Engineer: 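First the structure, which I've put down as C-alpha cells, then a few questions once you've had a look.
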Amino acid sequence: MSDIRVETADRVLTITLDRPAKKNAITDAMYGAIVTALTQAAEDPSIGAVLLRGEGADFCAGNDISMFADAASGTKDILDSNTGPFLNAISTFPKPLVAAVTGRAIGIGVTMLLHCDLVYVAEDAEMRTPFIDLGLVPEAASALTIPARIGHVRAFALFALGEKLGGGEAATLGIANRALPADQVGPAAETAARALAAKPLSALIATKRLMRDAEAIAAALDADQKAFVAQLKTPEAAAAFAAFAARKGPPA
Ligand code: COA
C-alpha cells in the first residue's frame, strides 16, 4: 500500500497523494509509486497531461520526516531511496503537469510545484519551505527555481525565515496561475488538464522542452542533493527531527 492513487480519464492521468491522516506527507514507497506513474504517463501516447492532487484538506506536508530521521541516524541512506528518482522524474517529465493545491503545502509540497506547468491554488492555502528550521537546505532545485520565479529576497524569506505564502500571494508572485475558493481548485485544475490533454501532444512536449533549462535544473538538483545529504548529518538537523518526533514540531 503506497498511499498513492492513480486514475486515468479523458487522456489525463491523475496522481493523488492519499495519506490524509498524515497530511499527505510523502514516504519512500509513495515516491516510488509516483515515479512508476510518471514513467507510465511519459511513455503512454494515450496520456496527454498529468494532474497532481492531495486527498483531504491538505495538498502535502512535505517529505515524511521519519525518512530524514532515518538518514540522519544512519539507519537508511537517503541516496538509496526513491527521492532521487522522483526528483528526476518530475523535473524531466516531458508532458504538461498540472497541480491542484488546497490547504497546506510544505517543503517538497511547494518545491514540486516549480516543476509543474499549471498550478491552481486555494485562496486560503498555506505554503511553507522551512528547510533551514529543519537544519536542511532547499531541495528539488528550488534554490534555483524559486528565486528565479519570485526574486532572491522573497525566496530567502521563505527558506530562511520560514515565512508563509498564502494562495493569493502565490498567484500574484507567479507560483500559481490562479487562487480560487478551495472547492473550485480541483475542478479548475481538472478542466485545465483536460484542455491540455486535447491539444497536439508533440507541440506541447516541444514547447515545454523549449521553456525549461533542463541542464541548469539538473545541475541544481545535483548540487542541492549533495548539500542536503551533508546537512542531514548535522546536529541541527538531528535536533529538528527529534523535536518533530516528540511532537513539538519544527519552529512555526
Ligand atoms: N512527516 C511525517 N509525519 C507528518 C508530517 C511529515 N512531514 N507532517 C505531518 N505529519 C503527521 C503528524 O506527525 C501527525 O501524525 P500523528 O497523528 O500520528 O501524530 C499527523 O501527520 C497530523 O499532523 P499534526 O501535526 O497533528 O497536524 P496539524 O494540523 O497540527 O499540523 C502540519 C499540520 C503539516 C503543519 C504539521 O504536521 C507539520 O508542521 N508537519 C511537518 C511539516 C514539515 O516540516 N515537512 C518537511 C518539510 S522539508
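Treat the numbers as computed from the prediction; the structure is a model and nothing was measured.
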Engineer: Is Leu17 close to Ile34 at the side-chain level, that is, under 4.5 Å between some pair of heavy atoms?
Structural biologist: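 They are in side-chain contact.
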Engineer: Phe228: what forms a ring pair (Phe, Tyr, Trp, His ring centres under 6.0 Å) with it, not counting sequence neighbours?
Structural biologist: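 Applying ring pair (Phe, Tyr, Trp, His ring centres under 6.0 Å) to Phe228 gives Phe68.
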Engineer: Between Ile26 and Thr83, is there a side-chain heavy-atom distance shorter than 4.5 Å?
Structural biologist: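 No, too far: nothing below the 4.5 Å cut-off.
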Engineer: Could you tell me whether the side chain of Asp28 and the main chain of Asn82 form a donor-acceptor pair under 3.5 Å?
Structural biologist: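 Flag set: sc Asp28 to bb Asn82 pair under 3.5 Å.
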Engineer: Any donor and acceptor pair, going by atom type alone, linking the side chain of Thr27 with main-chain N or O of Met30 inside 3.5 Å?
Structural biologist: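 Yes: the side chain of Thr27 pairs with the backbone of Met30.
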Engineer: Between Lys95 and Ile47, is there a donor-acceptor pair closer than 3.5 Å when you use the side chain of the first and the backbone of the second?
Structural biologist: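 Pair found, side chain donor or acceptor close to backbone of Ile47.
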Engineer: Please say whether more than 12 non-hydrogen atoms of neighbouring residues, nucleotides or ligands are located less than 6.0 Å from NZ in Lys208.
Structural biologist: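 Counting other residues, nucleotides and ligands, NZ of Lys208 exceeds 12 neighbours.
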Engineer: Are any side-chain N or O atoms of Asn24 and backbone N or O atoms of Phe59, one a donor and one an acceptor, separated by less than 3.5 Å?
Structural biologist: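 Here the side-chain-to-backbone pair exists.
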Engineer: Are Ile146 and Pro138 side-chain neighbours, meaning at least one heavy-atom pair lies under 4.5 Å?
Structural biologist: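 A side-chain contact under 4.5 Å is absent here.
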Engineer: Which heavy atom of Val101 sits nearest a heavy atom of Val119, and at what distance?
Structural biologist: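 The pair with the smallest heavy-atom distance is CG2-CG1, 4.2 Å.
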Engineer: Got a sec, which pairs hit salt bridge (charged side-chain N to carboxylate O under 4.0 Å, His left out) with one end in residues 56-65, sequence neighbours left out?
Structural biologist: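 Matches after skipping sequence neighbours: Arg19-Asp64, Lys23-Asp58, Asp58-Arg104.
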Engineer: Look up atom CG in Leu161 and atom CZ in Phe156, then write down how far apart they are to the nearest 0.5 Å.
Structural biologist: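 Taking CG in Leu161 and CZ in Phe156, the distance rounds to 8.0 Å.
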Engineer: For Gln231 and Gly135, indicate whether the former's side chain and the latter's backbone hold a donor-acceptor pair under 3.5 Å.
Structural biologist: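 Yes, Gln231 side chain to Gly135 backbone: donor-acceptor pair under 3.5 Å.
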Engineer: If I take atom OH from residue Tyr31 and atom OG from residue Ser2, how far apart are they, to the nearest 0.5 angstrom?
Structural biologist: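 Here the rounded value is 13.0 Å.
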Engineer: Tell me if the CZ atom of Arg154 is crowded by more than 12 foreign heavy atoms within 6.0 Å.
Structural biologist: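 For Arg154, atom CZ is not crowded (no more than 12 foreign heavy atoms under 6.0 Å).
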Engineer: Is it true that a side-chain atom of Arg11 and a backbone atom of Ala198 form a donor plus acceptor pair closer than 3.5 Å?
Structural biologist: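 Answer holds: no.
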Engineer: Any side-chain to backbone donor/acceptor pair from His115 onto Ala140? Under 3.5 Å, distance only.
Structural biologist: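 Between the backbone of Ala140 and the side chain of His115 there is a qualifying donor-acceptor contact (under 3.5 Å).
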Engineer: For the pair Asp224 (side chain) and Ala141 (backbone), establish whether a donor and an acceptor sit closer than 3.5 Å, ignoring hydrogens and angles.
Structural biologist: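 Side chain of Asp224 to backbone of Ala141, a donor-acceptor pair under 3.5 Å: yes, one is there.
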Engineer: Using side-chain contact (heavy atoms from CB on, under 4.5 Å), reason through Asn88 and Val35 one step at a time and then give a plain yes or no.
Structural biologist: CA-CA 9 Å; Asn88 184 50; Val35 172; over 6 Å; no
Engineer: Rounded at 0.5 Å granularity, tell me how far CG in Leu113 sits from OG in Ser142.
Structural biologist: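 If we round to the nearest 0.5 Å, Leu113:CG and Ser142:OG are 11.0 Å apart.
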Engineer: Got a sec, which pairs hit salt bridge (charged side-chain N to carboxylate O under 4.0 Å, His left out) with one end in residues 170-193, sequence neighbours left out?
Structural biologist: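 Matches after skipping sequence neighbours: none remain.
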Engineer: Does atom CZ (Phe93) have a neighbourhood of more than 12 heavy atoms from anything else shown, all under 6.0 Å?
Structural biologist: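 Yes - once you tally the heavy atoms of other residues, nucleotides and ligands closer than 6.0 Å, there are more than 12.
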Engineer: Answer with yes or no whether the side chains of Ser46 and Asp44 bring together a donor and an acceptor at under 3.5 Å.
Structural biologist: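 Asp44 vs Ser46: donor-acceptor pair found between side chains.
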Engineer: Side chains of Val121 and Ile175: does their closest heavy-atom pair fall under 4.5 Å?
Structural biologist: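 Contact flag for Val121/Ile175 side chains = no.
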Engineer: Donor-acceptor check, side chain of Thr16 to backbone of Asp18, threshold 3.5 angstrom: yes or no?
Structural biologist: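 Here the side-chain-to-backbone pair does not exist.
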Engineer: Check whether any side-chain N or O of Thr102 sits under 3.5 Å from a backbone N or O of Ala57 as a donor-acceptor pair, and report yes or no.
Structural biologist: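 Pair found, side chain donor or acceptor close to backbone of Ala57.
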